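Here's the structure we're looking at; comments come further down.
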2 protein chains.
Amino acid sequence: MQTHFTIDCVIYSFNEGKLQVLLTERNEYPYKDWWALPGFFVDKNEEMEGAVKRILYEHTGLKDIFMEQLGAFAGVKRHPQGRILTVAFSTIVKYDDVKSKIKPMTSYMRQASWFPVTALPELAFDHHQIIQQSLQKLKNNIHYSTAVYEFLPEKFTLTQLQQVYEAILGKELDKRNFRKKIANDGFLKELQEVQKGVSYRAARLYKFDKRKFQKHVGVE
Amino acid sequence: MQTHFTIDCVIYSFNEGKLQVLLTERNEYPYKDWWALPGFFVDKNEEMEGAVKRILYEHTGLKDIFMEQLGAFAGVKRHPQGRILTVAFSTIVKYDDVKSKIKPMTSYMRQASWFPVTALPELAFDHHQIIQQSLQKLKNNIHYSTAVYEFLPEKFTLTQLQQVYEAILGKELDKRNFRKKIANDGFLKELQEVQKGVSYRAARLYKFDKRKFQKHVGVE
DNA sequence: TCAAAAGTGTTAAACATACACCCATGG
DNA sequence: CCATGGGTGTATGTTTAACACTTTTGA
């Protein structure tokens, strides 16, 4: 037995203090005019991971981004035309890197736009479920993955980092406890450099140090 | 574009102090005579979850077992005849419930047999990779899931429970610390009953109390 | 000098780890 | 009476959580 095979991509970014997801407005039936996750059919002989990269590229112009499989969604009724198995992936991009590049490159969708995860529109297919499952995983793994750093520029302040944590977890954190934890983890590199262009005390900048992280986690 | 669609099932049990996986010996090409995970094609109009149950049933005679999706494996080269997308699931059964029922119910495989995860034979396709990924997940979630109790009979001793933990984690645990942790979690029900038929001091029996567990985890 | 955000320590409670001996039972 | 596994407590270090004020800076 054969099935159609697509991938759907949950693309996150962080902007205006909020965790955002990139959605596209469909220009084709079914679900014409609905918002949906960016997703397409996988080509014959195309590796799944390659398909994710291709779609990410077609939507954002970006390459070489961290991405992770969430799982397969294969409900017989998830698509009105019969089973279309989709494998969902999630990806994180830096909002500023991407904002000028976001535009539909196929006529299948009318526009692409960011939505805060706390204020999603009604979505096509089972895409709401996919996002919720993905979000849950992001929360669960926040302390064991490098995901938070994917949201931030290379150099960032501790307050920015804390805001990303808060947006993902959906709750406020204590500043002192947060800084203690981060300091204790010890995989940030403190720079001899501070923020510029702010009208208040400038915060120190930090970098994520991948080497220290890998030592900490116990690389295999 | 369409692809063949199978599911593969990682079926665990606990026996002789070891974590075991059920494998089948293939009687068909490709990989004739190799050991592989139990797996089959999903039927048209069959829900994926239904297919897992069906295959589990065909191999073990069991129904209504906890099962969880691991993810999709879709490499173009994972099957010699071209892409066959498989979605892997994992499942836990009680060895004693199952041991008399295990037998091939299709001529596609010659026999089914348990192997300790520490001594697996060479496996067909990418099944070794699937098992390793599944094992990792089992370890990661051991404290947050009810999986360990799926390995045990309704009434069990604390030593049996500890052995399951040890088999999954692949390391020894301190008896006192383990008991403190379990007591502290507080979702076991102590029975007024002890082991029978042992030639040493009989151990107290316990039950897993699902209600208490759900309160503890914070059910949603 | 004011507004805004940066930066900083202490205490209490919960939890994890290391470690060794006596007890109850059946044979 | 002995072999076997059952059962128990203490001390130490680590992690988490709660909580508020002073400092720096640019406008």
Side-chain angles (χ1 to χ4, degrees), chain A residues 14 16-18 139-144 152-153 155-207 216-218, chain B residues 14 16-18 139-144 148 152-153 155-207 212-213 215-218:
Chain A
F14 180 72
E16 294 179 347
K18 290 175 180 165
K139 283 188 203 180
N140 291 341
N141 296 341
I142 192 166
H143 296 299
Y144 316 115
L152 293 166
K155 302 172 182 183
F156 52 83
T157 68
L158 295 182
T159 298
Q160 289 176 313
L161 182 60
Q162 184 175 344
Q163 286 168 344
V164 172
Y165 270 85
E166 289 177 338
I168 294 172
L169 296 175
K171 65 175 183 191
E172 301 201 340
L173 301 174
D174 179 272
K175 183 162 57 158
R176 280 168 298 184
N177 291 339
F178 179 77
R179 283 163 186 239
K180 240 180 302 172
K181 188 178 180 63
I182 295 297
N184 180 23
D185 289 348
F187 30 81
L188 290 196
K189 189 173 185 174
E190 184 176 332
L191 302 177
Q192 299 315 314
E193 209 176 330
V194 294
Q195 260 181 325
K196 280 184 180 171
V198 289
S199 69
Y200 46 80
R201 177 174 175 184
R204 163 152 270 121
L205 293 170
Y206 293 80
K207 258 187 179 171
H216 198 262
V217 170
Chain B
F14 180 73
E16 293 179 347
K18 290 175 180 165
K139 281 188 204 181
N140 290 341
N141 296 340
I142 190 165
H143 296 298
Y144 317 115
V148 285
L152 293 166
K155 301 172 182 184
F156 52 84
T157 68
L158 295 181
T159 298
Q160 289 175 313
L161 182 60
Q162 183 174 344
Q163 286 167 344
V164 172
Y165 269 85
E166 290 176 337
I168 293 172
L169 295 174
K171 66 176 184 191
E172 301 201 338
L173 301 173
D174 180 272
K175 182 164 54 162
R176 279 168 300 183
N177 293 338
F178 179 77
R179 282 162 188 241
K180 241 180 301 174
K181 188 178 180 62
I182 294 297
N184 181 22
D185 289 347
F187 30 80
L188 291 195
K189 189 174 188 173
E190 184 175 333
L191 302 177
Q192 299 315 314
E193 210 176 328
V194 294
Q195 261 180 323
K196 282 186 177 170
V198 289
S199 69
Y200 46 81
R201 178 175 174 183
R204 162 152 271 121
L205 293 171
Y206 292 81
K207 260 187 179 170
K212 290 183 189 164
F213 177 79
K215 272 188 196 162
H216 199 263
V217 168

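Note that the coordinates shown come from a computational prediction; the quantities given were computed from them, not determined experimentally. Convention: sequence-line order gives letters A, B, ...; per-chain numbering from 1.
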Can you measure from CG (B/L158) to OH (B/Y165) and round to the nearest 0.5 angstrom?
11.0 Å
Output for pair (A/Q160 CD, A/Y206 OH), nearest 0.5 Å, gives 12.5 Å
Under the 3.5 Å rule, do the base of D/dT23 and the side chain of A/R201 count as making a donor-acceptor pair?
yes
Spell out yes or no: do the side chain of B/N184 and the base of C/dA14 have one donor N/O and one acceptor N/O closer than 3.5 Å?
no
Identify whether any heavy atom of A/T157 sits under 4.0 Å from a base atom; if not, whether one sits that close to sugar-phosphate; answer base, sugar-phosphate or nothing.
nothing
Under 4.0 Å: is that the gap between some side-chain N or O of [X] and OP1 or OP2 of [N]?
| X | N | result |
| --- | --- | --- |
| B/S199 | C/dG27 | no |
| B/R179 | D/dG7 | yes |
| B/K180 | D/dG9 | no |

Between [atom2] of [N] and [atom1] of [X], the distance in whole Å:
| X | N | atom1 | atom2 | result |
| --- | --- | --- | --- | --- |
| B/L205 | D/dG6 | CG | P | 11 Å |
| B/Q195 | C/dT25 | CD | C1' | 11 Å |
| B/R176 | C/dC23 | CZ | C1' | 15 Å |
| A/L173 | D/dT16 | CG | P | 13 Å |
| B/L169 | C/dA16 | CG | C1' | 15 Å |
| B/K196 | D/dG5 | NZ | P | 21 Å |
| A/D174 | C/dA5 | CG | P | 17 Å |
| B/I182 | D/dG6 | CD1 | P | 15 Å |

Mapping B/R204 and B/Y200 to their closest nucleotides on DNA chain D, which lands nearer the 5' end?
B/Y200
Return whichever of B/N177 or B/Q160 has its heavy-atom-nearest nucleotide of DNA chain D closer to the 5' end.
B/Q160
Assess the residue pair B/K181 and B/N184 against the criterion (side chain to side chain donor-acceptor pair (under 3.5 Å)); give the C-alpha distance rounded to whole Å, side-chain angles, the decisive distance to 0.1 Å, and a yes or no.
CA-CA 5 Å; B/K181 188 178 180 62; B/N184 181 22; over 6 Å; no
Backbone N/O of B/G17 and side chain of B/Q163: donor-acceptor pair under 3.5 Å:
no
Need to verify one output field. Residue with the more 5' nearest nucleotide on DNA chain C, A/A203 or B/K175?
A/A203
Would you say B/K212 has more than 12 foreign heavy atoms packed within less than 6.0 Å of its NZ?
yes
